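A quick write-up on the structure given underneath.
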Amino acid sequence: MRGIETNKSSIRHRVFTEVARFAYENGTREDFARIPFKILPGELSHYRSNIFIERAVLGERLRSAMGMPVRDASQSGPLFEGLEKADTAETYYTPPLIDIISFACNACPEKRVIVTEGCMGCLEHPCMEVCPKEAITMKHGRSHIDQSKCIKCGKCADVCQYNAIIKQERPCTKACGAGAIGSDSEGRAVIDHTKCVSCGQCLVHCPFGAIVDKSQIYQCIKAINNGDEVFAAIAPAFVGQFGEDADNMRVRPLLKRLGFADAREVAIGADLCTVAEARDFIEEVPEKIPFMATSCCPAWAAFAKRNYPGMKENISMALTPMVLTARMIKKRHPGCKVAFIGPCSAKKLEAMRHSIRSDVDFVLTFEEVAGMMEAKDVCFEDIREEEFLPLDFGSGDGCGFAHSGGVAEAVKNRIKQIDPNREVKIARAEGLSECKKMLALAKAGKYNGYLLEGMGCPGGCVGGAGTIKAPEATEKLLMKNVAAKQDRTPIESRYLFMLENLEERTQLLNADFSENAEAWEHDTFYEASTRKKKKKPEPAEAPEA
């Protein structure tokens, strides 16, 4: 539960902190085996029935944080079994990305309707009248549900004026819009990985902390320790995640203190993505495809292609902001490595795809970076004013990608700049359950001519599984950042000159790039861009692709 410090969030933070410390200090496998006793000292249990189960669960969480496979209670072997494979400065991953520690699962009922002590045994008893299976009777002055007859429709709960009847659903199952969670023979949750798109919402909503995701925190720090030039590409949703002092002027120097060579804002890649998707929409809708869907959310894109394979061509082929930003960094710094830092667990799988694996080397969540900060004993309030470096060189529209509706709005704004008379109709959905409904309507032809935006997480990226703070609070801070951006739209972005084709970027911006290009070439682009910007001419009405 983001925004509230709970036992689960505390354990996750301590796991990431100790794995980061283990990496920074080049610990041995014996050091690794001692971590559960460091986090959970003594003989008395803190959260579960006994300390031995607690440490066993914690051990599997540590293995997952190292990228190693999660084991069940029937498997024997030392905690550090397989550590030598994970001990690398390269991308390391053992599928699946999202997994369940079976002996940590509470085997919650999948779905049930129950009568609470709030029942007043009223004369009217509408619960009995609306039950389609006559499963409710009055016993000892209160409503009683025969579970063998109950079909869990919840109609009784809807009509009870005392709210005395509740409909319960297993939290992880309820959160999974992909319908990927079922039960094993013991009633414990299991994930159908043929359906899972790794959005991570089950991980967020499991109150018992039984669901974990693989991490690359160890391998990223290993690369830093080896002297590799590792650049951080940080998503705009970082605002508020690390406290009030985590602003655009402090994040670059803080990431440098963690060992990164430098940092870039992924909003610059979002600007390029906006330009590409706007051009594709103009060229293809409705002449080639009836509608176009955005591509930047990997969980949404994978869900759409998996459940509606016939609509695969309707998903934009534009590269995501993460990949575009990584490619820009590697073009300027050949041989470097790039670590994407963001709110999303599904980005870890996106980075593993064969077509882009060489561009994004590591994917870290905000939770994992918070662990790195504690391991290195650095915080934002320690950053002195003389260290301040600006990060905000993407546009307001690019920064707005992080909240639901922001991608479609940015693409629409760009289309209107090219063709002011064109009507751009938008439909959007957040959370995979809502995305499924939108796709069903699109398949039925209800959204022909539309631009569709899908977000796998409620609220968009601000609600991603790797975030720390409440999505609503993050969105408010994000929108302040969007409003404060010097460049409002992608065509004003001072990074568009990095596009490959000089003629294309001239058409896009209709501006002189010589000063910016020279500044970038001498690695002084950030400083040069802080100078007062010259007023640019209006963009061309309809630049050709």
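As the structure is a computational prediction, the values presented were derived from the model and not from experiment.
- Side-chain contact between Met66 and Val19 is present, with at least one heavy-atom pair separated by less than 4.5 Å.
- Checked against salt bridge (Lys or Arg N to Asp or Glu O under 4.0 Å), Asp31 has the following partners two or more places apart in sequence or in another chain: Arg34.
- In this structure, Lys376 forms a cation-pi arrangement with Tyr24, its terminal cationic atom sitting closer than 6.0 Å to the ring centre and no more than 45° off the ring axis.
- Judged by distance alone, the side chains of Glu277 and Ser295 do bring a donor and an acceptor atom under 3.5 Å apart.
- Here the side chains of Gln147 and Lys152 are in contact, with some heavy-atom distance below 4.5 Å.
- Looking only at side-chain heavy atoms (C-beta outward), Pro343 and Gln241 stay at 4.5 Å or farther from each other.
- Atom CE in Met317 sits 12.0 Å away from atom CE in Met292 (nearest 0.5 Å).
- The two atoms that bring Met438 and Trp300 nearest to each other are CE-CH2, 3.7 Å, heavy atoms only.
- Salt bridge Lys412/Glu409: absent, no basic N to carboxylate O contact under 4.0 Å.
- Side-chain contact between Gln216 and Thr91: present, with at least one pair of heavy atoms (C-beta onward) separated by less than 4.5 Å.
- The shortest side-chain heavy-atom distance between Leu451 and Phe291 does not fall under the 4.5 Å cut-off.
- Here the side chain of Arg2 pairs a donor or acceptor atom with the backbone of Gly464 at under 3.5 angstrom.
- Taking the six-membered ring wherever Trp is involved, the centroid distance between the rings of Tyr218 and Phe22 falls below 6.0 Å.
- Looking at heavy atoms from C-beta onward, Val251 lies in side-chain contact with Phe380 at the 4.5 angstrom threshold.
- For Ala65 against Ile217, the heavy-atom pair with the smallest separation is O-CG2, 3.7 Å.
- Between Met128 and Glu134, every side-chain heavy-atom pair lies at or beyond the 4.5 Å cut-off.
- Nearest heavy atoms, Gly42 versus Ile51: O-CG1, 4.0 Å.
- The closest donor-acceptor contact from the side chain of Gln201 to the backbone of Cys176 lies at 3.5 Å or more, if one exists at all.
- Contact detail for Thr94 and Gly67: the closest heavy-atom pair is OG1-O, 2.7 Å.
- Side-chain atoms of Asp87 and Tyr92 form no donor-acceptor pair, as typed in the model, at a separation below 3.5 Å.
- Using the six-membered ring where Trp is involved, Phe366 and Phe242 have ring planes that are perpendicular, over 60° apart on the 30 and 60° scheme.
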Next on the checklist: Would Thr467 and Thr474 count as a side chain to side chain contact (heavy atoms under 4.5 Å, CB included) here? Give the steps.
Outcome noted: CA-CA 9 Å; Thr467 57; Thr474 303; 5.9 Å; no

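- Glu84 CD to Met68 CE: the interatomic distance, rounded to the nearest 0.5 Å, is 9.0 Å.
- Here Asp146 contributes atom CG and Thr137 contributes atom OG1; the two are 7.5 Å apart, rounded to the nearest 0.5 Å.
- His13 and Glu367 share no side-chain donor-acceptor pair at under 3.5 Å.
- Remark: Asp213 engages Lys348 in a salt bridge, criterion side-chain N to carboxylate O under 4.0 Å.
- In this structure, Glu30 places its CD atom where more than 12 heavy-atom neighbours from other residues, nucleotides or ligands lie under 6.0 Å away.
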Next on the checklist: Let's go through Lys8 and Phe208 carefully: what are the C-alpha distance in whole Å and the side-chain angles of both, what is the deciding distance for side chain to side chain contact (heavy atoms under 4.5 Å, CB included) to 0.1 Å, and is it a yes or a no?
Outcome noted: CA-CA 7 Å; Lys8 186 180 82 171; Phe208 286 87; over 6 Å; no

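- Salt bridge annotation for Lys222-Glu90: absent, with no cationic side-chain nitrogen under 4.0 angstrom from a carboxylate oxygen.
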Item to check | CA sep, side-chain torsions, deciding dist, call: Val190, Ile181, side chain to side chain contact (heavy atoms under 4.5 Å, CB included) | outcome: CA-CA 6 Å; Val190 290; Ile181 298 182; over 6 Å; no

Item to check | Derivation and outcome, salt bridge (charged side-chain N to carboxylate O under 4.0 Å, His left out), residues Glu81 and Arg71 | outcome: CA-CA 11 Å; Glu81 183 179 44; Arg71 305 171 300 184; 3.4 Å; yes

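- Residue pairs that meet the side chain to side chain donor-acceptor pair (under 3.5 Å) test with at least one member in residues 98-120, sequence neighbours left out, are Glu110-Ser183, Arg112-Gln168.
- Between Met138 and His144 the shortest side-chain heavy-atom distance does not fall below 4.5 Å.
- Between Lys214 and Glu368, no side-chain nitrogen of the basic residue sits less than 4.0 Å from a carboxylate oxygen of the acidic one, so the salt-bridge criterion is not met.
- Taking all atoms of both residues into account, the shortest heavy-atom contact from Ile101 to Val212 is CD1-CG1, 3.9 Å.
- Side-chain N/O atoms of Thr320 and Glu350 include a donor and acceptor closer than 3.5 Å.
- Between the Ser64 side chain and the Glu60 main chain, no donor and acceptor come within less than 3.5 Å of each other.
- The two residues Cys127 and Ile165 make their nearest non-hydrogen contact at CB-CD1, 3.7 Å.
- Counting only N and O atoms by type, the side chains of Glu453 and Thr294 include no donor and acceptor under 3.5 Å apart.
- Expressed to the nearest 0.5 Å, how far CG of Leu439 lies from NZ of Lys305 amounts to 12.5 Å.
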